[in-house]
Amino acid sequence: MDQDPKRKYHEPVMTREIVELFETVDGGVLVDATYGGGGHSRALLSAYPDLDIIGIDRDTAALARPTPDRVRLHQRAFSELGELLDELAVESIDGALFDLGVSGHQLDTAERGFSYRDPGPLDMRMGPNAPHSAAEIVNEWSQDDLRRIISKYGEERFAGRVAAAIVANRPIADTAQLAEVTRNAIPAATRRTGGHPARRTFQAIRIAVNDELAEIQAALETALDRLAPGGRCVVISYHSLEDRIVKRTFAELAQGCICPPEIPECRCDRTPEIRLLTRKPIGPTPAEVEANPRARSAKVRAAEKVAA
Ligand SMILES: C[S@@+](CC[C@H](N)C(=O)[O-])C[C@H]1O[C@@H](n2cnc3c(N)ncnc32)[C@H](O)[C@@H]1O
């Protein structure tokens, strides 16, 4: 069934915090790299009346809706940010926002195949240019490759058992069958803990379908590179694999001299490219989690470009 038309496209997460973190951006250009339903963009536009936004989303559904005046929206993977800015003749940007993962609309539309709760096709592509479909991965990849992604991208400790069960039950017809096969592969005692037993496997397949982690790494590097001095990059991540990439990338660029302490003078000539605005990630308030359970795992990290 398609999404209930009365249901909101996406409930944006930690909007107040995001608007505050961009307090320096008014009068500039901000890239909303994960435009979705435009909830964050709209809040930023109303807080900062002289802000212009370049929106990006790879999903056709996100592009099919009316966009506010000060938003130029483009259907791209955010790893193509550099090419897009070149095409638009935008040399530097004043802000970059990444609200990672899938939108409420994607999760709630059973035909997209993201949900382990509602039956749908094995798709999980965030946009038409995704490198794979879930059907291809589930029904064609080797058991070893399946085990590898389920372990790495799902951090599923029973990845070997799940991969073997998938291969033994091929062809798998839809998400309902995949959820069932996965559930049965997890030992009964574990099934009762830590949420739905198929959650980790679905996350893993979704990450592989959309090459999500490589996307994040590439786009973050470009965004930080293209920020003007004083410009800010803010990232909302939802699981440890995403957050690890953000944390490492920020830490590396925030690091100054790396010469050993016994060397009297610096030889590396490294100076920090960014300043961390969040030493520890910011999380949602309990009230927000209660109102919007999808905010539960959100972690926000932010950094500011330092003058060269
Ligand atoms: C969590 S939602 C963002 C919601 C948005 N902040 C709002 O307020 O409505 C993530 C969105 O980013 C898009 N997305 C995820 N990865 C992407 C990528 N690599 N390139 C472009 N868009 C991506 C998804 O299609 C989805 O619409």
Side-chain angles (χ1 to χ4, degrees), residues 7-26 28 30-49 51 53-57 59 62 65 68 70-71 73 78 93-108 114 126 195 199 203 206 212-213 215-216 219-220 223-224 227 231-251 254 274-305:
R7 195 184 270 171
K8 205 167 173 187
Y9 188 94
H10 179 84
E11 190 62 57
V13 165
M14 296 179 69
T15 306
R16 184 180 50 81
E17 293 84 347
I18 300 303
V19 167
E20 279 173 17
L21 283 164
F22 281 116
E23 66 190 355
T24 54
V25 86
D26 206 7
L30 176 140
V31 170
D32 180 348
T34 49
Y35 186 80
H40 284 127
S41 276
R42 276 174 232 275
L44 287 161
L45 290 172
S46 75
Y48 305 119
L51 174 67
I53 291 185
I54 297 171
I56 299 177
D57 206 295
D59 190 352
R65 311 170 72 244
R70 284 178 281 138
V71 174
L73 188 55
F78 55 52
I93 54 177
D94 304 286
L97 170 64
F98 293 86
D99 178 16
L100 300 173
V102 280
S103 64
H105 177 86
Q106 288 165 336
L107 278 174
D108 297 337
F114 288 105
M126 286 190 194
R199 187 180 59 81
Q203 172 183 301
R206 190 201 90 195
E212 287 180 41
L213 303 184
E215 277 285 317
I216 298 169
L220 257 190
L224 291 165
L227 276 183
R232 292 183 169 188
C233 179
V234 177
V235 187
I236 315 175
S237 62
Y238 294 88
H239 57 77
S240 55
L241 298 167
E242 291 172 344
D243 185 53
R244 209 170 296 154
I245 296 174
V246 184
K247 185 178 168 186
R248 279 202 196 137
T249 308
F250 278 9
I274 58 172
R275 172 173 84 85
L276 301 183
L277 299 172
T278 50
R279 295 240 152 240
K280 290 238 158 67
I282 310 172
T285 59
E288 176 165 1
V289 175
E290 189 164 333
N292 179 14
R294 279 184 192 150
R296 195 182 335 109
S297 54
K299 281 188 178 166
V300 174
R301 291 188 190 269
E304 183 176 277
K305 188 78 172 260

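Given the structure is predicted, the values throughout are model-derived calculations rather than measurements. Note: hydrogens, waters and symmetry copies are ignored here, and every other heavy atom, side chains too, is used. Note that the numbering runs from 1 along the sequence shown for the chain.
Residue Lys299 holds its NZ atom at 14.0 Å from CD1 of Ile236, rounded to the nearest 0.5 Å. Considering CD1 of Ile216 and CG of Asp243, their distance stands at 10.0 Å, rounded to 0.5 Å. To the nearest 0.5 Å, atoms CG (Asp108) and NZ (Lys8) are separated by 13.0 Å. One finds the CD atom of Glu304 at 6.0 Å from the OG1 atom of Thr24 (value rounded to the nearest 0.5 Å).
Without hydrogens or angle criteria, Lys305 side chain to Leu227 main chain gives a donor-acceptor distance under 3.5 Å. When atom types are taken as modelled, the side chain of Ser297 and the backbone of Tyr238 share a donor-acceptor pair closer than 3.5 angstrom. With Tyr9 contributing its side chain and Ala62 its backbone, the two residues share a donor-acceptor pair below 3.5 Å. Side chain of Thr278 to main chain of Pro281: no donor-acceptor pair is present (N/O by atom type, distance under 3.5 Å, no hydrogens or angles). The backbone N or O of Gly104 lies less than 3.5 Å from no partner atom in the side chain of Glu11, so there is not a single donor-acceptor pair. No donor-acceptor pair closer than 3.5 Å links the side chain of Asp94 to the backbone N or O of Val25. With Glu20 contributing its side chain and Glu17 its backbone, the two residues share no donor-acceptor pair below 3.5 Å.
The two residues Tyr35 and Pro68 come nearest to each other via the heavy atoms OH-CD, 3.3 Å. Here the closest heavy-atom approach between residue Leu51 and residue Gly28 is recorded as CD1-O, 3.5 Å. Across all their heavy atoms, Ile93 and Ala223 have their closest contact at CD1-O, 4.2 Å. A pairwise comparison of heavy atoms in Leu73 and Ile56 identifies CD1-N, 3.9 Å as the closest pair. Shortest non-hydrogen contact noted between Pro284 and Ala295 is CG-O, 3.2 Å. Minimum interatomic distance between Val13 and Ala298 (heavy atoms only, all atoms of both residues): CG1-CB, 3.6 Å.
Leu30 has its side chain out of reach of His40: every pair of non-hydrogen atoms, C-beta onward, lies at least 4.5 Å apart. For the pair Met126/Glu212, a side-chain contact is recorded, criterion being any heavy-atom separation below 4.5 Å from C-beta on. Residues Arg275 and Arg232 are in side-chain contact: their nearest non-hydrogen atoms beyond the backbone lie under 4.5 Å apart. Contact annotation: the side chain of Cys233 approaches that of Leu220 to within less than 4.5 Å [non-hydrogen atoms, C-beta and beyond]. A 4.5 Å side-chain heavy-atom check between Val19 and Tyr48 finds at least one atom pair inside the cut-off.
When the shell of 6.0 Å around CZ of Arg244 is examined, it contains more than 12 heavy atoms from other residues, nucleotides or ligands. More than 12 heavy atoms of other residues, nucleotides or ligands lie within 6.0 Å of CZ in Arg65, so this atom counts as buried by the packing criterion.
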Working for side-chain contact (heavy atoms from CB on, under 4.5 Å), residues His10 and Asp99: CA-CA 12 Å; His10 179 84; Asp99 178 16; 4.1 Å; yes
Working for side-chain contact (heavy atoms from CB on, under 4.5 Å), residues Ile53 and Arg70: CA-CA 6 Å; Ile53 291 185; Arg70 284 178 281 138; over 6 Å; no
Test log, rule side-chain contact (heavy atoms from CB on, under 4.5 Å), inputs Leu21 and Met14: CA-CA 11 Å; Leu21 283 164; Met14 296 179 69; over 6 Å; no
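Aromatic pair Phe78/Phe98: ring centres closer than 6.0 Å.
Just one residue in the list Leu100, Leu97, Thr249 forms a side-chain contact (heavy atoms from CB on, under 4.5 Å) with Val235, and that residue is Leu100.
Both the sub-6.0 Å distance and the 45° axial angle are not jointly satisfied by Arg301 relative to the ring of Phe250.
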